[in-house]
Amino acid sequence: MSIFEYNGSALVAMVGKNCFAIASDRRLGVQLQTIATDFQRISKIHDRLFLGLSGLATDAQTLYQRLVFRHKLYQLREERDMKPETFANLVSAILYEKRFGPYFCQPVIAGLGDEDKPFICTMDSIGAKELAKDFVVAGTASESLYGACESMFKDDMEPEELFETVSQALLSSVDRDCLSGWGGHVYVVTPTEVKERILKGRMD
Amino acid sequence: MSKAVVELPPKGGFNFDLCRRNEMLLKKGASPPSFRKTGTTIVGLIYQEGVILGADTRATAGSIVCDKNCEKIHYMAPNIYCCGAGTAADTEAVTDMVSSQLQLHRYHTSRESRVATALTLLKSHLFNYQGYVQAALVLGGVDVTGPHLHMIYPHGSTDALPFATMGSGSLAAMAVFESKYCEGLNKEEGINLVCEAICAGIFNDLGSGSNVDICVITKGHKEYLRNYRVPNTRAHFSSKEFTFPKKTEVLLTKIVPLREKIEVTEDGDAMEE
């Protein structure tokens, strides 16, 4: 059993036209037993930057707290929010620091950068960044997610269409993974608003 | 009185805090995750006017392709580039670190960086970690002493060669080089040869794929040709797009409008004296 399969997770982020969507499943389990069906995997760092953490839930929570701490220090020093690219570098450095005893987490970072250009990025557990122009996936359902996103993704989708695509890709992929599911949690972020939606999915 | 432990920002270098916990998990049967590797074919050759480096663009996590177009030719200095194979995080971190050290050295000495400097910095770092930092590199550049090409192995040994290949596709690429390389190639011949070698890796090695990146470095000038050749475009686009007539069922929607940025104009009244 891989340490990544202890809690189970599914995360996906997709780029649209001047907007992005980041979505996760809602299950928290201990191997095959489900202990929560409303687990928050995606957290807000600031209004235009979201972080999703898949993998071992305890490391995800610790890593999230450390990153929020570093971002708050940055806000105090620089009197502004961190750009998504800078934040991705910060996460990468924090993960690589633990190269020989890593956090068992795979982050998915999504944000709106300068001129409202969407930015998405994922990393492996030691901080190797993967910047993509279309979509990034993480978690136990990642193989199904790769397939679903590869076929459903289109360039320059409007926010409503992007929401629909991300939701369908997420729900169809977690249906093929025992360790993730129990609904979905989708954030669609445009320059003017953040729409958070909870999806109804199969509860098995 | 309670002792508050304040976590200071780290001072740099590796942190081994979680090693004991991870070993305990390993003993309990939880195997560690696979890191992203760059299966890779990376090559370099010296031609008439300088150095040409080439690389494929596939990154794998286990047997899944996680990035179809990643960058494996890393910037070290304006006249030095380095291709990396092995664990992706290690190659990126080690090349970024040495690139910063070279920049500081340039500020210190007010001179163009030399390839030998980059070589020594890389090999001593890798040797220090006894091969645990799994980065296999092909370093190439042109400095005042001429064009240089080196291979750096994960344990810290180096080779200086007129043509070099590394990575899982190195045998396929080396076969091309050994049969077609000669000294004094011109730019076009050099680029074609590098492209052929990378394509041999892309088509014959499963760990390499997608496109060819090329970097040409000459005295005082460099050309980074990202996606020079794209031999694997997606041909199977279905004309019928995905439409979802039956919408996803939503249980709860929460809309948070983002604060508008307030523009401060200079129209205000002057302060009273």
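Lettering follows sequence order; numbering is per chain, from 1.
- For chain A, the nearby parts of B:F14 are the backbone and the side chain; heavy atoms of each come within less than 4.5 Å.
- Salt-bridge check for B:E92 with A:K129: failed, with every basic side-chain N at 4.0 Å or more from each acidic carboxylate O.
- Contact check on B:D56 versus B:R58 returns no salt bridge, with no Lys/Arg side-chain nitrogen under 4.0 Å from an Asp/Glu carboxylate oxygen.
- Of the atoms belonging to B:L251, heavy atoms from both backbone and side chain fall under 4.5 Å from chain A.
- For B:D90, the parts lying near chain A are the backbone and the side chain together; criterion is any non-hydrogen pair under 4.5 Å.
- Taking a cutoff of 4.0 Å between a charged side-chain nitrogen and a carboxylate oxygen, A:D114 and A:K83 qualify as a salt bridge.
- Contact of A:K154 with chain B is made through the side chain alone, with heavy-atom distances under 4.5 Å.
- Proximity to chain B (any heavy atom under 4.5 Å) is restricted, for A:Y146, to the side chain, taken from C-beta onward.
- By the 4.5 Å heavy-atom criterion applied to side chains, A:H185 and A:D38 are not counted as neighbours.
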Residues A:V137, A:S142; criterion side chain to side chain contact (heavy atoms under 4.5 Å, CB included); working and verdict:
CA-CA 6 Å; A:V137 304; A:S142 59; 4.0 Å; yes

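- For a residue to count as touching a neighbouring chain, one of its non-hydrogen atoms must lie under 4.5 Å from one of that chain's; by this rule B:I64 touches chain A with the side chain only.
- Atom CG of residue A:L179 and atom OH of residue A:Y6 lie 12.5 Å apart, to the nearest 0.5 angstrom.
- Side-chain N/O atoms of A:S180 and A:D177 include a donor and acceptor closer than 3.5 Å.
- B:K68 touches chain A through its side chain: at least one heavy atom from C-beta onward sits under 4.5 Å away, while N, CA, C and O do not.
- Interface remark: A:E160 contributes no atoms to any contact with chain B (heavy atom separation under 4.5 Å).
- Ranking A:K195, A:E161, A:Q168 against chain B, the residue ahead of the rest is A:Q168, based on heavy-atom pairs under 4.5 Å.
- Using a cut-off of 4.0 Å between Lys/Arg side-chain N and Asp/Glu carboxylate O, A:R176 and A:E143 are scored as not salt-bridged.
- Contact tally against chain B (heavy-atom pairs below 4.5 Å) for A:M152, A:E130, A:E193: the top residue is A:E130.
- Ion pairing between a basic and an acidic side chain is recognised when a charged N comes within 4.0 Å of a carboxylate O; A:R48 and A:D116 show such pairing.
- The only option from A:L112, A:T192, A:V194, A:T190 that meets the side chain to side chain contact (heavy atoms under 4.5 Å, CB included) definition with B:L258 turns out to be A:V194.
- Interface residues of residues 120-133 of chain B toward chain A, defined by a heavy-atom distance below 4.5 Å and sorted by number: B:Y129, B:Y132, B:V133.
- Of the two parts of A:L171, only the side chain, counted from C-beta on, holds a non-hydrogen atom closer than 4.5 Å to a non-hydrogen atom of chain B.
- Looking at B:R20, neither its backbone nor its side chain comes within 4.5 Å of chain A, counting heavy atoms on both sides.
- Under the 6.0 Å distance and 45° angle rule, A:R197 does not count as a cation-pi partner of A:Y187.
- With chain B as the partner, the residue from A:P102, A:G127, A:G184 showing the most heavy-atom pairs under 4.5 Å is A:P102.
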B:I202 and B:V212: side chain to side chain contact (heavy atoms under 4.5 Å, CB included), yes or no, with the steps?
CA-CA 9 Å; B:I202 286 176; B:V212 181; 3.9 Å; yes

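- Taking the six-membered ring for Trp and thresholds of 30 and 60 degrees, A:H71 and A:H46 have nearly parallel ring planes, at less than 30 degrees apart.
- If you measure heavy-atom distances from A:L56 to chain B, the contacts under 4.5 Å come from the side chain alone.
- In this structure, the portions of A:S151 lying under 4.5 Å from any heavy atom of chain B include both its backbone and its side chain.
- Of all the listed residues (B:A93, B:G29, B:C19, B:A89), the one sharing the greatest number of non-hydrogen pairs under 4.5 Å with chain A is B:A89.
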Determine, step by step, whether B:N232 and B:S210 satisfy the side-chain hydrogen bond (donor to acceptor under 3.5 Å, both in side chains) criterion, reporting the C-alpha distance in whole Å, the side-chain angles of both residues, the deciding distance to 0.1 Å, and the verdict.
CA-CA 6 Å; B:N232 293 304; B:S210 297; 5.7 Å; no

